[in-house]
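Report on the following structure.
For the numbers below, each heavy atom of this structure counts, side chains included, while hydrogens, waters and symmetry mates do not. For clarity, every value in this text was computed on a predicted model and none was experimentally measured.
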Amino acid sequence: MKTSRTASALALLAILAVAGCGNDKAPVASGDQKSDKSPLAEYMGEGFVSSSGGSGVKLAVRAGGAQQPSEEELAKQRKVEDATAACMKTAGFDYVAVPPEQNAKSKFSDAFNLPPDKFAQQYGYGISTIDWSKAGDDDTNPNTKIRSALSPAAQKAYDKALNGPNATGNGTVVIQGSGGGPSDSGKQDLGCRGKAIEQVYGKGQDRGADFKKFDSLFKDIQALQKRIDADQRVVDAASAWSDCMADSGHSGFKKVDEPRTQVQTKLDALTGNTPPAKGGPSKTITGPPSFDKVDAAKLSDLRKFEIDLAVADQKCKAKGYDDAYKKVQYDAEKEFVDQHKTELEAYRDEMANR
């Protein structure tokens, strides 16, 4: 059932966020982070976005996402770094504990601070135009320099010690998927970093049990999303958007998430990162695919296509869809908050206290 799978994914995102290993490398681009907070985001966090077009929701890494982390949270992050360094030393590798205050800003942060129209003009949706596998590259991090100085064989051993046997060179971890979606069995070996996170924040199973109590809330949020998308004002606005897209030379789109999905599908075909067939066997899932081995000419063509499509999409949404959707969304979320305030406050407090 789609709703329950998505609710489980929301819970998993919350668990990862608490541990400080959220989806900071995931391609969730396009300038909508500039909008003011919706009624529901007041409780779920600034990173929470009720995505139009039935594409679901994004969950904040921490409630009050744009705020500076508390001293208590910084202290936990320092403990994770110190524990990681100690574990790596035992494994025979150098690792420098980097204070969280010294972490360089994301190499893409300037891009995501652009207004939506400017972002679309330069990056489209940020799908094929940004190599997310390079998101973690940071020459100012002493550990990047330590790893780079190793031989290829030693780098593999270093990666295994730091992030477990399923780690790749760019810091992502290979996970064996299963039919229904992501799983959190707690049995993955995530190396010294995983052990350090577990030591400071607790075991994954324990965190999973803590968030299990919010399953009903997550399901209700998914039901809310469906009600918003089915509202006649949103349906009419989507129809007008579709006509506008056709007039711009991009016909055939009926749902507002379809242009982005089409670009992602084309990129998956180029990188060979296609998901397993419905009902088929599970498939190994990696982090963001690298563009290093992608046909350069085809990638260039896709990037031009993406930018052209995203610019038209952004302009058509700005003509009326965005305002119509926001009005319906905010009204529905306000009513939802009034009806679920106790649960939402409990969720916000749970996130804030971790």
More than 12 heavy atoms of other residues, nucleotides or ligands under 6.0 Å from CG of Asp247: yes or no?
yes
Using atom types as modelled and distance alone, determine if a side-chain donor or acceptor of [X] lies under 3.5 Å from a backbone N or O of [Y].
| X | Y | value |
| --- | --- | --- |
| Gln314 | Ala120 | no |
| Glu306 | Tyr125 | yes |
| Ser242 | Phe253 | yes |
| Glu81 | Pro99 | no |

In plain terms, say whether [X] and [Y] are close enough for a salt bridge, that is, a side-chain N and a carboxylate O under 4.0 Å apart.
| X | Y | result |
| --- | --- | --- |
| Asp231 | Arg233 | yes |
| Asp215 | Lys212 | yes |
| Asp229 | Lys255 | no |
| Asp331 | Lys327 | yes |
| Asp308 | Lys304 | no |

Taking all atoms of both residues into account, what is the closest heavy-atom pair of [X] and [Y], and its distance?
| X | Y | result |
| --- | --- | --- |
| Val200 | Lys79 | CG2-CB, 3.8 Å |
| Gly252 | Glu258 | O-OE1, 4.0 Å |
| Val235 | Ala230 | CG2-O, 3.8 Å |
| Pro100 | Gln77 | CB-OE1, 3.0 Å |

Just so I know, are the side chains of [X] and [Y] near enough to count as touching, which here means a heavy-atom distance under 4.5 Å?
| X | Y | value |
| --- | --- | --- |
| Leu309 | Arg260 | no |
| Lys315 | Ser248 | no |
| Asp313 | Trp241 | yes |
| Tyr95 | Ile146 | no |
| Tyr123 | Leu114 | yes |
| Leu299 | Arg303 | yes |
| Pro259 | Met245 | yes |
| Tyr43 | Leu217 | no |

Donor-acceptor side-chain pairing of Asp159 and Gln155 below 3.5 angstrom
no
Co-membership, hydrophobic cluster, residues [X] and [Y], 4.5 Å side-chain:
| X | Y | value |
| --- | --- | --- |
| Leu267 | Ile307 | no |
| Phe305 | Val311 | no |
| Val263 | Phe291 | yes |
| Val96 | Phe93 | yes |
| Ile197 | Met88 | no |

[atom1]-[atom2] distance between [X] and [Y], expressed to the nearest 0.5 angstrom:
| X | Y | atom1 | atom2 | result |
| --- | --- | --- | --- | --- |
| Asp243 | Ser251 | CG | OG | 11.0 Å |
| Lys326 | Ile228 | NZ | CD1 | 13.5 Å |
| Arg193 | Asn163 | CZ | CG | 5.0 Å |
| Gln339 | Lys334 | CD | NZ | 11.0 Å |
| Ile127 | Gln262 | CD1 | CD | 10.5 Å |
| Ser128 | Gln264 | OG | CD | 9.0 Å |

Report the relative orientation of the aromatic rings in Phe214 and Phe218; use parallel for angles under 30°, tilted for 30 to 60°, perpendicular for over 60°.
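Tilted: the ring planes of Phe214 and Phe218 meet at 30° to 60°.
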Steps toward side-chain hydrogen bond (donor to acceptor under 3.5 Å, both in side chains) verdict (Gln232, Asp236)
CA-CA 6 Å; Gln232 192 59 48; Asp236 292 343; 2.8 Å; yes
Show your working on side-chain contact (heavy atoms from CB on, under 4.5 Å) between Met44 and Ile221 and close with a plain yes or no.
CA-CA 11 Å; Met44 303 301 288; Ile221 290 173; 3.8 Å; yes
How would you list, by chain and number, every residue that makes a ring-ring contact (aromatic ring centres under 6.0 Å, His included) with Phe336, sequence neighbours excluded?
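Scan of Phe336 (ring-ring contact (aromatic ring centres under 6.0 Å, His included), adjacent residues dropped) gives His340.
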Check the pair Val80 / Gln199 against side-chain contact (heavy atoms from CB on, under 4.5 Å), numbers first and verdict last.
CA-CA 8 Å; Val80 168; Gln199 180 181 324; over 6 Å; no
Candidate pair Gln121 and Lys118, rule side-chain contact (heavy atoms from CB on, under 4.5 Å), full reasoning:
CA-CA 5 Å; Gln121 290 168 14; Lys118 299 297 183 184; 3.8 Å; yes
